[in-house]
Number of protein chains: 2
Amino acid sequence: MREIHDPELLQYYLKTFEIKPILNEDLLPYLTLYSYNHGELICTQGDPYNHLYLLVKGKLKIFNTSPEGKTLILSFKTPLDVVGDIEYVQGTDFINTVEAVSEVHMIAIHHRWLNKYASDHTPLLKFLLNVITKKFFVKSSSLSFNLLYPVEVRFASYLLSVCFDERDALYSGKLSTSHLIDAANLIGTSYRHLNRVIQHLSKEGLVERHKGFIEVKNREGLSELANHRNIYEK
Amino acid sequence: MREIHDPELLQYYLKTFEIKPILNEDLLPYLTLYSYNHGELICTQGDPYNHLYLLVKGKLKIFNTSPEGKTLILSFKTPLDVVGDIEYVQGTDFINTVEAVSEVHMIAIHHRWLNKYASDHTPLLKFLLNVITKKFFVKSSSLSFNLLYPVEVRFASYLLSVCFDERDALYSGKLSTSHLIDAANLIGTSYRHLNRVIQHLSKEGLVERHKGFIEVKNREGLSELANHRNIYEK
DNA sequence: AAAGTTTTAGGACATATGTCCTTCCCAATG
DNA sequence: CATTGGGAAGGACATATGTCCTAAAACTTT
């Protein structure tokens, strides 16, 4: 992690993502731009709350490790998104661990300044309300989906979301096998079982296994299987 | 459902739950008090958004029915709680169905007045932010818990939450069997499987089956099994 | 009280998923 | 070129869970 002293880049981000309107003028001097490399942790579950972060570049992985040591991926995030919003509102420690998946830029605001200058700033409150409500909605759908459907269906939905997203640096319709473990943790199953499911999907002709990646052969069929629900959509 | 024309009762609720501070003065004339009987539906998933509701008396069941017809109970609610908050912020149709479990009183506010008088009312925004953040937190924990642990563990946690809550009209440590189907739907499993798990817990001596109810015999043991997590706590 | 009806528990079997371990492939290295 | 090490896929077996159906119990109605 390193701080980027580049006021122009900061201005560029503020403008591109239309962040200024949601922030109080007084806050602007206290914004810091940080950069993280692939694999670096932005925060770890249990860390005390310090900053509210705005993701403006790159991709994040949000996950949680259970007392038993099992990892559950909660989501991937791309700009513009917010990290630490729940913690800010509740004043609690970080619930999850956040890791940079690519090179990541984040704008950080220390809670001290938020409390001082923006705790009654309507645009920010509305912005947070909007963001958190969306998160709740996604989480809620995700919970239902996970409880109601088996791994095969969830994976179908996952494939559709991930493989046809140009931002993912993946060839369209293909999923690199190195991401399979992540996929398993996101879906909430074991790597072993995911392999079994892929095997089954192969037999059905929906996907094909090549060395290094998995290719979607029948997008429509997968969509059918997933009940047309794109639960992992960003 | 019927409207209660009782300004004094309304005032009583506003005072008891300290609702006035969060509402804009201009809204007060537009509050309506409704009563629902056991079993009545307050709203059904897919209904267009109309009101924001404040639960001030009784108990609600929030559930969702999948396209396949499976019911998943998302939560039970007791005063003070809010219904329709997510829908209000997002401007979407109702996501879930809400049913009165007992006699229920709700204060309803039509979105028309909220938009007109309170869309910039900081106390309300903060209140909603707080409520929704809590909901998110619960939902998030619930998702992890469901994905990581088997039904036995979840049911243990459920028993601890429900059986030792005096508001539940249950003898302490006992769960009426008529609530078993609800329990299964809340935990996200089948009634059949829940029975199997109860059988197993019986053999372990943690609970005992009597006609009409299930009795907790070893609270500490259940808590151990549930990893001391009370995920269904209200 | 007898007959029918509804509710509740559980049997049988199939499927879904987890755990552990082995095998295979490929790349890096001496 | 043979050796080794690591990652990826899959076999074997156990457990978890779902579906469908039956049996037993409780409750209604006549």
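Keep in mind that what you see is a predicted model, and the values were worked out from it rather than measured. Naming convention: chains lettered A, B, ... in sequence-line order (proteins, then strands); numbering from 1 in each chain.
Figure legend: cation-pi geometry between A/Lys59 and A/Phe76, with NZ or CZ positioned under 6.0 Å from the six-membered ring centre and within 45° of its axis.
Using a distance-only test at 3.5 Å, with no hydrogens or angles considered, no donor-acceptor pair links the side chain of A/Glu103 to the main chain of A/Ser35. A distance-only check finds no donor-acceptor pair linking the side chain of A/Thr133 to the backbone of B/Ile86 [under 3.5 Å]. B/Ser161 contributes a side-chain N or O that, together with a main-chain N or O of B/Ser157, makes up a donor-acceptor pair within less than 3.5 Å. With A/Thr97 contributing its side chain and A/Gln45 its backbone, the two residues share a donor-acceptor pair below 3.5 Å. Judged purely by atom type and a 3.5 angstrom limit, A/Thr16 uses its side chain to pair as donor or acceptor with the backbone of A/Tyr12. With A/Asp47 contributing its side chain and A/Thr44 its backbone, the two residues share a donor-acceptor pair below 3.5 Å.
Between A/Ile187 atom CD1 and C/dG18 atom P there is a gap of 11 Å when expressed in whole angstrom units. One can place CG of A/Asn185 at 14 Å from C1' of C/dG18, the figure rounded to the nearest angstrom. If you take CD1 of A/Ile214 and P of D/dA9, they are 7 Å apart, rounded to a whole angstrom. For the pair A/Arg209 CZ and D/dA9 C1', the computed distance is 6 Å after rounding to whole Å. Distance NE2 (B/His210) to C1' (D/dA26): 18 Å, rounded to an integer number of Å. To the nearest angstrom, P of D/dG7 lies 22 Å from CZ of A/Phe213. When the P atom of D/dA9 is taken as reference, atom CG of A/Leu175 falls 11 Å away, rounded to whole Å.
Side-chain nitrogen and oxygen atoms of B/Lys211 include none within less than 4.0 Å of the OP1 or OP2 phosphate oxygen of D/dC27.
Counting only N and O atoms by type, the side chains of A/Tyr13 and A/His105 include a donor and acceptor under 3.5 Å apart.
For the segment residues 189-208 of chain A, residues with any heavy atom less than 4.0 angstrom from an atom of DNA chain C are, sorted by number, A/Thr189, A/Ser190, A/Arg192, A/His193, A/Arg196. For the segment residues 146-157 of chain A, residues with any heavy atom less than 4.0 angstrom from an atom of DNA chain C are, sorted by number, A/Pro150, A/Val151, A/Arg154.
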